[in-house]
Amino acid sequence: MTTTTTAAHPALPAARVGLRAVILGALLLLALLPILNRLPPDSALHVSDFAVSVTGKWICYAILALAIDLIWGYAGILSLGHGAFFALGGYAIGMHLMRLIGDRGVYGHPVLPDFMVFLGWRELPWYWWGFDHFAFAFAMALLVPGALAAVVGYLAFRSRITGVYFSIITQAMTYALMLAFFRNDMGFGGNNGFTDFKELLGLPLHTPEARAALFYASLAGLAGALWLCRRVAGSKLGRVLVAIRDAESRVRFLGYDVTAHKLFVFVLSAMLAGLAGALYVPQVGIINPGEFSPGNSIEAVIWVAVGGRGTLVGAALGAFSVNALKTWLTSVAPDLWLFVLGGLFIAVTLFLPRGLAGLFRRREP
Amino acid sequence: MPRAIAMRRLLVALLILVAAALPAAAQDAFLAALPGLAGGFAAQATAVERLGATGDPRALPVLRALAEGRLLKRPDGALLVRGEGDAVSDAATGAPAEATGAEPVRINNRVRAALRGALGRLQLVSPDPGERLAAAEAVFRSRSAENIALLEAALAREDQPQVRARMELALAASRLAAPDPATRRAGVEALAATGSDDARAMLLEARAADPALAPEVDAAVAAIDRRLALRRAAETLFQGLSLGSVLLLAALGLAVTFGVMGVINMAHGEMVMLGAYTAWAVQEVCRTHAPWLLPAYLPLSIPAAFLVAAAVGAVLERGLIRHLYGRPLETLLMTFGVGMILQQAVRLLFGAQNREVSSPGWMQGTLTLPGGVMVTQNRLWIILFGLAVLGLTVAAIRFTRFGLEMRAVTQNRRIASTMGIRSGRVDALTFAFGSGIAGVAGVALSQIDNVSPNLGTGYIVDSFMVVVFGGVGSLAGTLVGAMTLGVVNKVLEPYAGAVLAKIAVLVAIMLFIQRRPRGLYALKGRAAEA
Amino acid sequence: MSSAAPPVLYLDGVSVVFDGFRALNDLSLVVDPGELRAVIGPNGAGKTTMMDVITGKTRPTSGTVRFGDHDLTQLDEAAIANLGIGRKFQKPTVFDALTVFENLELALKAPRGPVACLRWMLTGEARRRIEATLEEIGLAARARDRAGVLSHGQRQWLEIGMLLMQDPELLLVDEPVAGMTDQETEHTATLLRRIAEGGRSVVVVEHDLEFVRALGRKVTVLHEGSVLSEGPIDQVQNDPRVIEVYLGR
């Protein structure tokens, strides 16, 4: 995206440059948090450990929100199963973290994770092979969600399943995965999932250094995701997606293979969600089948709706603000949170269809 | 079939007549053998065996008294039985008697052994059906040809089907142990006719013991296997249909709101949940204020649940959903939020734990159908209830003024409005109607599932699958879809386990939609394009 | 049909049955290269279904549909469009959220895959073509406006402009002047004639007889899913069968 294209599409808001500066500023501000965390606790600028770790979580949520916004805001595809891609990415890294525990587990088995020893398993199942390498696990965190999205997306888009039907199918997908991951014999720790991680890339978790490193990794992930999504949205592909959103069959008659375009962006989005999950799990130190629950996916959708879909930055903002509200409210008045969240669903759809960003922007993409 | 039953009744009547004619002779045998009990040990043992062979019900208390040291001998030689509370009666007549100077009759081990056999046989004619069943079971296990005559006699007076079945099995088993081949063969045939797992095992045993029986046994085992397979298939079908009815009930309201109106209501599961809580509330109100109504609380809660869910539905439609017509994805999100609020409200009001909803007596227990197919009553009721609710829904849409207006508005809102139909009112009523059906489904589900705030979440995905699979907008599709999914689920379960079966069904639906994107009962042509 | 060049579009014995209803009944139609053909017929005659069959939206129950050497019954909408068949819908469908310029850019003949679209850069050549088309359809001044704010007639022209950007060999145009003022109608007729003069074949489905007359070319009359009459407008208008089923109403 150079000045040529900006000139070619003069309708793009001139404020783009300003927006870019705001984004950079916000990212830099976030980057300060772990540094401020190192200040002595009595300093006025000191940021608590809790604040750093919770912000690190929100950054991952923001990546997930970007992934959802890319397909919902632009291509008009509402996935209610992105929590599944997020969880799969988390499980992939979780498997790596489990392998790194080595003989430090409760049973002290050199290879098998505790839950496998507990179930009386003798050797590592074949699908655990390779997860002792970080690069392999990280690749899987992107490829497995991507592959699942490719299969589900291909089946759905090819037979022209759109709108709420697609939403229901994806919800069923994450629901089915949740049921499957709850099973002990799947080899993913059943109910309890994975936890008790020790280290990652030689860095013991639970240390301030590890926390800062993971924070910066997530921030880099967010910056990269934001760049990628804006790149897609600003390209002709982005305009094709918008066209598909508004008049799908017309796009077909223009000679575009709608299935291929949708599939491309759906897979890309699923991989972003997988990335978010992979960054998330080492920070929270646990992954279990609850991450697949349909409620999680739909909650992530509401971050995007609150922030303003089709705006990318708004989606990330939505993830931060809704989760900030959640963190605050669940500590002050836990019973109220679900009312507020439910109320958000209603209020945003009825009164603020373009979200918070809609208050500042004049047009949809 | 009716003729066979009539024949059987006639036969039973005849047998009763014959039995009534018998007592004179039987009493004779009983009275004749009785005094032997007062003699020496050898005479006692003979008398016990003779009494046991009479098959006379009067012999049972006497022999039992002898075994337990409650049989007394008066100096005048009369035998007395000491019953409960030290009441004493005459052993021969059962009349109250004077026990002055009476001593307990003593027995030795030989007599005890004879008593065990005789008591076992006599229990076959005990007045208590439970005792008869136990006796049949004991005789079945002893596998002795001596019991054939006894069993035949006992069968002649037996009127409890369950006990009869056990006795027949015992008789067949006893015949298998008989020395003469013809009787053994009869036993094989009788066992083949019972068609149970026990019979199958026994036949294989007999085949090992007597290779000459092999051809008959093999044929009989094959016949039993066929019957067992058939029975299992029937039971699986029943379980499938009952699961299908649960799905049907859960999906029916959705078929109206989503299928007919095109409104996607993610709070549908919460409407079901409200229905279940209404059933609980009605039960509690009956318990505290009108205990005499408690037996009827379930029928009472059906209209109550309909009204509660319908009212919530009407408010939801008028207050929120109507502002989002034409924006299905927003409707989906908004109603999800509503569901969340309803769930949390119920959780705060009634607590997060499960609420006890009792099942009335007529819904409990198991029914055995002809052929040995076992059917649980509550499941049977749910199947009937599901079909009844479907029937009423269809009738309401087809034959009422409201149904007519509803169909008119669905097909062409504008034209319907010009004809004076207030489409807003019809929308509200339709949505309330669909929600009400969900509430009624909740009453049914309260009988088989835990009544908790998240009762509905478990059904929402399945319900949508049923509607999408069956074909949006078609109640027939919803019925066929629900039943198909239920049966397929239950057929797969033994092979794959419940969870994998469910996953397999979800995947299968996805693949099915590839072939028929509009479901089983698809609307075709121009109407479907709109 | 004795012209030397092989036909561009060749339909033979095409039937489409929906639930027992025959939308097309043994329909045959041949369009030559560079020909401008008007198709008329009463409601339900099968005009739109014919377009659907040609563009792959509907599969024929039986019959042959060929475009040059290609069997269209085996291809999907996008593949058919890429062969060089453009379609304009009865209800103008342009992309409201995009600008007029962007609408044309999407239609511009260029690689259509997702990755190609992601890497697409607007070259000077492409821009010149878009600007030339903007001039041609009279929307140069509106290039930066979103299509959603255009008037009905302007949307129709934008859609025709998008067809031009596709550079198709065959254009199917469904009721292009419905709801247009006389002046707009005239402008549209000129546009379509100019397109046909450029060597493309055009099939126009229309209700408006004045417009068909203004086109001044061969006319095909459809009735109940098959061809009732074919020829110059004057001849067709005097055909007693046509008068009975269509013009006589």
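Proteins come first, then strands; the chains are lettered A, B, ... in the order of their sequence lines, and each starts at number 1.
- Atom CE of B:Met340 sits about 5.5 Å away from atom CD of A:Glu299, to the nearest 0.5 Å.
- The contact between B:Leu332 and chain A is made entirely by side chain atoms (from C-beta outward), counting heavy-atom distances below 4.5 Å.
- Neither the backbone nor the side chain of A:Trp337 comes within contact range of chain B, judged by heavy atoms closer than 4.5 Å.
- Nearest approach of A:Ala176 to B:Ile503, heavy atoms of both residues: O-CD1, 3.5 Å.
- Looking at A:Phe182, there are no atoms closer than 4.5 Å to chain B (heavy atoms on both sides), in backbone or side chain.
- Between chain B and the residues A:Ile168, A:Ile302, A:Leu344, the largest count of heavy-atom pairs under 4.5 Å involves A:Ile168.
- Per-residue counts of heavy-atom pairs under 4.5 Å with chain B were compared for A:Val152, A:Leu155, A:Leu350, A:Leu179; the largest is that of A:Leu155.
- A:Phe339 touches chain B through backbone and side chain together, each having a heavy atom under 4.5 Å away.
- At a 4.5 Å heavy-atom cutoff, the contact between B:Leu511 and chain A is made by side-chain atoms alone.
- Looking at B:Ile341, the atoms closer than 4.5 Å to chain A (heavy atoms on both sides) sit in the backbone and in the side chain alike.
- The nearest pair of heavy atoms linking B:Leu329 to A:Gly76 is CD1-O, 4.0 Å.
- Only the side chain of A:Val301 comes within contact range of chain B, with at least one heavy atom under 4.5 Å from a heavy atom of that chain.
- Atom OH in A:Tyr175 sits 13.5 Å away from atom CZ in B:Phe464 (nearest 0.5 Å).
- Taking CD1 of A:Ile169 as the reference point, atom CG of B:Leu506 lies at 8.5 Å (rounded to 0.5 Å).
- Panel note: side chain B:Glu330, backbone A:Pro353; no donor-acceptor pair is recorded below 3.5 Å.
- For a residue to count as touching a neighbouring chain, one of its non-hydrogen atoms must lie under 4.5 Å from one of that chain's; by this rule A:Leu177 does not touch chain B.
- No side-chain heavy atom of A:Thr349 sits less than 4.5 Å from a side-chain heavy atom of B:Arg327.
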- Start with the C-alpha distance between A:Leu338 and B:Arg347, add both sets of side-chain angles, then the distance that settles side chain to side chain contact (heavy atoms under 4.5 Å, CB included), and finish with yes or no. CA-CA 11 Å; A:Leu338 285 176; B:Arg347 194 173 288 125; 3.6 Å; yes

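- Only the side chain of B:Val461 comes within less than 4.5 Å of a heavy atom of chain A; its backbone N, CA, C and O stay farther away.
- Comparing A:Leu80, A:Val340, A:Ile346, A:Val348 by heavy-atom pairs within less than 4.5 Å of chain B, the highest count is held by A:Ile346.
- Within the 4.5 angstrom heavy-atom criterion, only side-chain atoms of A:Arg158, from C-beta onward, approach chain B.
- Comparing B:Leu348, B:Ile460, B:Val468 by how many heavy-atom pairs each has under 4.5 Å with chain A, the most go to B:Leu348.
- Between atom CZ of residue B:Phe336 and atom CG of residue A:Leu341 there is a gap of 8.0 Å, rounded to the nearest 0.5 Å.
- In this structure, CG in A:Leu78 is found 5.5 Å from CG in B:Leu333, a value given to the nearest 0.5 Å.
- For a residue to count as touching a neighbouring chain, one of its non-hydrogen atoms must lie under 4.5 Å from one of that chain's; by this rule A:Ile161 touches chain B with the side chain only.
- How far CZ of A:Phe345 is from CE of B:Met334: 12.0 Å, rounded to the nearest 0.5 Å.
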